[in-house]
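What follows is a set of notes on a single structure, which appears directly below.
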Amino acid sequence: MASSTGFSLNFSPLSTSFKHNQVPHHGISNVNLLSLPSLRIRPGPMRLRVSCAAKPETVDKVCSIVRKQLALPEDSSVTGESKFAALGADSLDTVEIVMGLEEEFGISVEEESAQSIVTVQDAADLIEKLVEKKDA
């Protein structure tokens with residue numbers, strides 16, 4: 001049985017061009033490798049990050065609510081990757097953001113789920129999951 005350790009996967013935008021290479025890998029020579037521009041394997045610590053991509057409209061709405069709750073200027077950069085802490089939110093601000101999201105989307109976020117929200121994308125993904133559950 002073969003095993004693999006110390007790899008991480010990176011995904012990037014898909015491309016229509018593919019390359020077929022032969023590369024040596026840790027003492028194994030002439031390993032056939034299909035190189036996909038959208039998938040790269042590189043040595044390093046094993047990490048897996050799964051992200052459910054929320055609809056852009058949901059992310060935009062969450063960005064707007066975060067801006068409002070934190071009294072940020074309209075032109076301030078708030079994206080899906082924005083961390084609440086980096087935007088200046090403390091724990092009370094985060095609670096108020098969650099309350100604003102609950103009100104806007106007609107959902108209820110349990111405390112355990114609320115504590116796992118770190119970024120705008122986390123919030124948007126959770127909202128879509130809860131709205132889907134509510135509508136089911």
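This structure is a prediction, so every number in the text was calculated from the model and none was measured. What you see below is based on every heavy atom in this structure, not just the backbone, and it leaves out hydrogens, waters and symmetry mates.
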Side chain to side chain, S82 and T79, heavy atoms closer than 4.5 Å: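 Yes - at least one pair of side-chain heavy atoms lies under 4.5 Å apart.
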Exceeds 12 heavy-atom contacts within 6.0 angstrom, atom NZ of K134: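 Yes, NZ of K134 has more than 12 neighbouring heavy atoms, counting only those of other groups under 6.0 Å.
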Hey, could you give me the [atom1]/[atom2] distance between [X] and [Y], rounded to the nearest 0.5 Å?
{"X": "L126", "Y": "S113", "atom1": "CG", "atom2": "OG", "result": "5.5 Å"}
{"X": "E96", "Y": "M99", "atom1": "CD", "atom2": "CE", "result": "7.0 Å"}
{"X": "K68", "Y": "I97", "atom1": "NZ", "atom2": "CD1", "result": "12.0 Å"}
{"X": "L130", "Y": "E110", "atom1": "CG", "atom2": "CD", "result": "8.5 Å"}

side-chain contact (heavy atoms from CB on, under 4.5 Å), paired with T58, selected from D125, V120, I127: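 Going through the options one by one, the only one that passes is I127.
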Donor + acceptor pair across side chains of Q121, T119 (<3.5 Å):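 Q121 vs T119: no donor-acceptor pair found between side chains.
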For a quick test of reading the model, state the closest non-hydrogen atom pair linking [X] to [Y] and the distance between them.
{"X": "D122", "Y": "S116", "answer": "OD2-O, 3.9 Å"}
{"X": "P73", "Y": "S76", "answer": "O-OG, 2.7 Å"}
{"X": "A124", "Y": "V59", "answer": "CB-CG2, 3.8 Å"}

Show me the donor-acceptor pairs, under 3.5 Å and distance only, between side chains in residues 101-109 and residues at least two apart or in other chains.
unit_1 : atom_1 : unit_2 : atom_2 : d
E102   : OE2    : V109   : N      : 2.7

Donor-acceptor contact present, side-chain [X] to main-chain [Y], <3.5 Å:
{"X": "D60", "Y": "E57", "result": "no"}
{"X": "D93", "Y": "D90", "result": "yes"}
{"X": "E128", "Y": "K55", "result": "yes"}

Single-linkage hydrophobic cluster, 4.5 Å side-chain cutoff, V131 and V98 together: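 Yes, because V131 and V98 connect within a single hydrophobic cluster, where side-chain heavy atoms sit under 4.5 Å apart.
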Steps toward side-chain contact (heavy atoms from CB on, under 4.5 Å) verdict (V62, S64): CA-CA 5 Å; V62 173; S64 175; over 6 Å; no
From CA spacing to verdict: side-chain contact (heavy atoms from CB on, under 4.5 Å), T94, I117: CA-CA 9 Å; T94 304; I117 298 172; 5.7 Å; no
